[in-house]
Amino acid sequence: MIMPFWLLKSEPDVFGYPDLQRVGREPWNGVRNYQARNNLRAMRSGELCLFYHSNAKPNGIAGVARVSREAHPDNLQFDPASAYYDPRSPMDDPRWSMVEVEPVRAFPRVLTLDDLRALPGWQDSPLIRKGTRLSVLPVSDTEFRAALAAVGLDADHL
DNA sequence: GCCAACGTTGGC
DNA sequence: GCCAACGTTGGC
């Protein structure tokens, strides 16, 4: 069976791939979109994620991360001091989930959005479609391999 | 900084 | 259940 792959968006001004390398592991909290949340809940330990920089110069994939802990309640939804506080999330049935991720491999260069648009196998990805705001999305085996190959990495030997 | 695309909210 | 108003995302 082919392991699912994922893509996580993050603004590098807030938290970029170098930050993930520095801290070693990071709770992926603050996701407040149901489709993205459902994707988080579908993630399994060990699965690999492309780490995408949005609102960046340049926008693109900066590295590979791994799911180090599966979905559990997002801590920020119960914190009134947090921008991600959700007063309507029931304590006994939390609305929002987070996973934890760890760094696997930095890309030798950022694989930019323009690169991805030109990459065979990426034509159907919602990422390159205008108006897609989903911050946690599935990536096909083809897309994953093509992205790594484009920067000279081997998906089977990370 | 602009604005198109999209998700969510809330009145009806 | 519809849909207008609003807020957010994210490329440019």
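Note that the structure is a prediction, hence the values are computed from the model and not measured.
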Margin query: At 4.0 Å (heavy atoms only), tell me whether R117(A) reaches a base, stays on the sugar-phosphate, or touches nothing.
Written below: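 Sugar-phosphate contact only.
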
Check: Please, which pairs that meet salt bridge (Lys or Arg N to Asp or Glu O under 4.0 Å) have at least one residue in residues 13-26 of chain A, sequence neighbours excluded?
Finding: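 Output for this query lists D19(A)-R22(A), R25(A)-E100(A).
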
Check: Residues in side-chain hydrogen bond (donor to acceptor under 3.5 Å, both in side chains) with E11(A), at least two apart?
Finding: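 Listed in chain order: N55(A).
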
Notebook entry, point to check: Roughly how bent is the helix from dG1(B)-dC12(C) to dC12(B)-dG1(C) end to end, in steps of 10 degrees, with each end axis from five pairs?
Noted result: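 About 10° separates the two local helix axes.
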
Margin query: Suppose we screen for ring-ring contact (aromatic ring centres under 6.0 Å, His included). Which residues come up paired with Y17(A), at least two apart in sequence or across chains?
Written below: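 ring-ring contact (aromatic ring centres under 6.0 Å, His included) check on Y17(A) returns F51(A).
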
Next item on the list: Scan for ring pair (Phe, Tyr, Trp, His ring centres under 6.0 Å) pairs involving residues 95-143 of chain A, sequence neighbours excluded, and state none if there are none.
Entry: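 The answer is Y34(A)-W96(A).
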
Next item on the list: Taking side-chain hydrogen bond (donor to acceptor under 3.5 Å, both in side chains) as the test, write out the residues that go with S89(A), two or more places apart.
Entry: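 side-chain hydrogen bond (donor to acceptor under 3.5 Å, both in side chains) list for S89(A), sorted by chain: Q77(A).
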
Notebook entry, point to check: Any salt bridge between D86(A) and R95(A), counting N to O under 4.0 Å?
Noted result: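 Salt bridge: yes.
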
Item checked: Where protein sits on nucleotides 5-12 of chain B, one letter per nucleotide: B base, S sugar-phosphate only, - none, heavy atoms under 4.0 Å -> BBSSSS--

Next item on the list: List for me each residue that meets side-chain contact (heavy atoms from CB on, under 4.5 Å) alongside D156(A), sequence neighbours excluded, and say none if there are none.
Entry: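 So D156(A) forms a side-chain contact (heavy atoms from CB on, under 4.5 Å) with R145(A), D154(A).
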
Notebook entry, point to check: Just checking N59(A): base, sugar-phosphate only, or nothing, at a heavy-atom cut-off of under 4.0 Å?
Noted result: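 Sugar-phosphate contact only.
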
Item checked: Set of side-chain hydrogen bond (donor to acceptor under 3.5 Å, both in side chains) partners for N29(A), sequence neighbours left out ->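 For N29(A) the side-chain hydrogen bond (donor to acceptor under 3.5 Å, both in side chains) partners, ignoring immediate neighbours, are N75(A).
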
